[in-house]
Student: 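Submitted below is the structure of interest, expressed as structure tokens.
For the single chain, residues carry numbers from 1 onward in sequence order.
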Amino acid sequence: VLSLFTLAGVIGGYCFYGLQKKFKIRVVVIGFLLNCLSYLFLSFSKEIITYTIFSCIFGFGYGVLGPSMSYFLGIGLDKDYRAASIAFSTILSSLGSFGSSYAAKYTKLIFNSDWERLPFVVGAGFFAAFAILFLFVKMPKPAVGEIKKEG
């Protein structure tokens with residue numbers, strides 16, 4: 001399953017460019033929605049085939065979400081600061097990965113539950129909240145000096 005998740009993430013990253021051209025900044029919403037829906041299905045999946053399919057969908061969404069966040073963070077910045085914004089998003093992603101096992105442990109403690117898939121449900125809620133948030137975020141204007149003149 002992990003190998004297929006990784007392959008789907010590679011495909012999602014590859015598809016990012018086409019999705020970004022079509023959906024602009026809203027491509028980040030696609031990543032959050034795919035991850036939300038796949039987490040919900042993973043929460044209640046009982047068969048290995050459905051678990052594998054929705055893990056792949058999560059991988060694809062994850063592959064879209066990574067470059068989407070870098071794109072979102074960098075679009076309104078001067079080109080000299082874009083590398084710093086990508087570094088910042090990578091740092092936050094790595095901290096999130098490191099803290100995920102602790103988050104899963106404490107989620108079950110907070111909700112006083114032994115259900116192994118509870119963190120998926122809570123995670124789906126966070127993905128849904130961020131998808132809704134990014135639906136209403138105004139698209140940043142391109143940084144000064146980045147606007148192309150026609151004519």
Side-chain angles (χ1 to χ4, degrees), residues 1-77 81-143:
V1 171
L2 183 58
S3 296
L4 291 174
F5 162 84
T6 304
L7 178 62
V10 168
I11 294 168
Y14 178 78
C15 293
F16 166 76
Y17 180 73
L19 291 170
Q20 184 274 330
K21 288 293 183 195
K22 184 171 183 168
F23 296 103
K24 305 286 185 221
I25 198 68
R26 301 290 181 243
V27 70
V28 74
V29 175
I30 293 170
F32 280 125
L33 284 177
L34 286 173
N35 288 349
C36 172
L37 293 174
S38 60
Y39 260 24
L40 283 176
F41 281 100
L42 287 171
S43 298
F44 302 104
S45 175
K46 294 185 191 254
E47 297 176 4
I48 191 68
I49 188 71
T50 55
Y51 195 82
T52 302
I53 290 168
F54 288 106
S55 292
C56 289
I57 292 170
F58 182 85
F60 183 87
Y62 189 78
V64 169
L65 193 56
S68 296
M69 289 304 295
S70 294
Y71 173 71
F72 178 79
L73 289 172
I75 194 169
L77 298 176
Y81 297 102
R82 289 186 185 153
S85 75
I86 292 169
F88 184 70
S89 68
T90 302
I91 290 166
L92 290 177
S93 176
S94 296
L95 287 173
S97 295
F98 174 76
S100 64
S101 61
Y102 297 106
K105 175 184 174 182
Y106 290 112
T107 298
K108 291 193 291 186
L109 285 174
I110 290 169
F111 288 99
N112 195 23
S113 174
D114 288 335
W115 188 36
E116 292 296 320
R117 296 187 185 185
L118 178 65
F120 285 121
V121 175
V122 173
F126 279 105
F127 284 129
F130 278 106
I132 292 167
L133 174 74
F134 278 94
L135 274 175
F136 297 105
V137 168
K138 289 185 180 179
M139 186 167 171
K141 296 188 188 269

Student: Enumerate, atom names and distances included, each donor-acceptor pair closer than 3.5 Å involving a side-chain atom of residues 2-11, sequence neighbours excluded.
Tutor:
unit_1 : atom_1 : unit_2 : atom_2 : d
T6     : OG1    : L2     : O      : 2.8

Student: Give the minimum heavy-atom separation between L33 and A131, together with the two atoms involved.
Tutor: CD2-CB, 3.8 Å

Student: If you define the side chain from C-beta out and look only at heavy atoms, does anything of F58 sit under 4.5 Å from F127?
Tutor: yes

Student: Could you report the tightest heavy-atom contact between S85 and L77, atom names first, then the distance?
Tutor: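 In terms of heavy atoms, the two residues are closest at CB-CD1, 3.6 Å.
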
Student: Working to the nearest 0.5 angstrom, can you tell me the gap between C36 SG and F130 CZ?
Tutor: 12.5 Å

Student: Checking the side chain of S93 only, and the main-chain atoms of T90 only, is there a donor and an acceptor separated by less than 3.5 Å?
Tutor: no

Student: Give every residue pair that meets the side chain to side chain donor-acceptor pair (under 3.5 Å) criterion with at least one member in residues 48-66, sequence neighbours excluded.
Tutor: S45-T50

Student: Rounded at 0.5 Å granularity, tell me how far NZ in K22 sits from OH in Y17.
Tutor: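 Rounded to the nearest 0.5 Å, the NZ-OH separation comes out at 15.0 Å.
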
Student: Contact between F32 and N35 at the side-chain level, heavy atoms closer than 4.5 Å - yes or no?
Tutor: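 The answer is no, as the side chains (C-beta and beyond) never meet within the 4.5 Å cut-off.
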
Student: Rounded to the nearest 0.5 Å, how far does CD1 of I48 lie from CD1 of I53?
Tutor: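 Rounded to the nearest 0.5 Å, the CD1-CD1 separation comes out at 10.5 Å.
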
Student: If every non-hydrogen atom of Y71 is compared with every non-hydrogen atom of Q20, which pair is closest and at what distance?
Tutor: OH-NE2, 2.7 Å

Student: I want to check something: taking the side chain as every heavy atom from C-beta on, are V137 and F72 in contact at a cut-off of under 4.5 Å?
Tutor: yes

Student: Strictly distance-based, threshold 3.5 Å: is any side-chain N or O of R26 a donor or acceptor partner for the main-chain N or O of F134?
Tutor: yes

Student: My understanding is that only residues two or more places apart in sequence, or in another chain, count here; which of them pass salt bridge (charged side-chain N to carboxylate O under 4.0 Å, His left out) with E116?
Tutor: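 E116 satisfies salt bridge (charged side-chain N to carboxylate O under 4.0 Å, His left out) with K108 only.
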
Student: State, to 0.1 Å, how close I86 and S70 come at their nearest heavy-atom pair, and which atoms those are.
Tutor: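 That would be CG1-CB, 4.0 Å.
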
Student: To the nearest 0.5 Å, what is the distance between CG (L34) and CZ (F54)?
Tutor: 11.0 Å

Student: Could you walk me through whether F111 and V122 pass the side-chain contact (heavy atoms from CB on, under 4.5 Å) test, one step at a time?
Tutor: CA-CA 10 Å; F111 288 99; V122 173; 3.8 Å; yes

Student: Could you tell me the separation between the CZ atom of F126 and the CG atom of L133, rounded to the nearest 0.5 Å?
Tutor: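 Taking CZ in F126 and CG in L133, the distance rounds to 13.0 Å.
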
Student: With rounding to the nearest 0.5 Å, note down the distance linking CG in L19 to OH in Y14.
Tutor: 12.0 Å

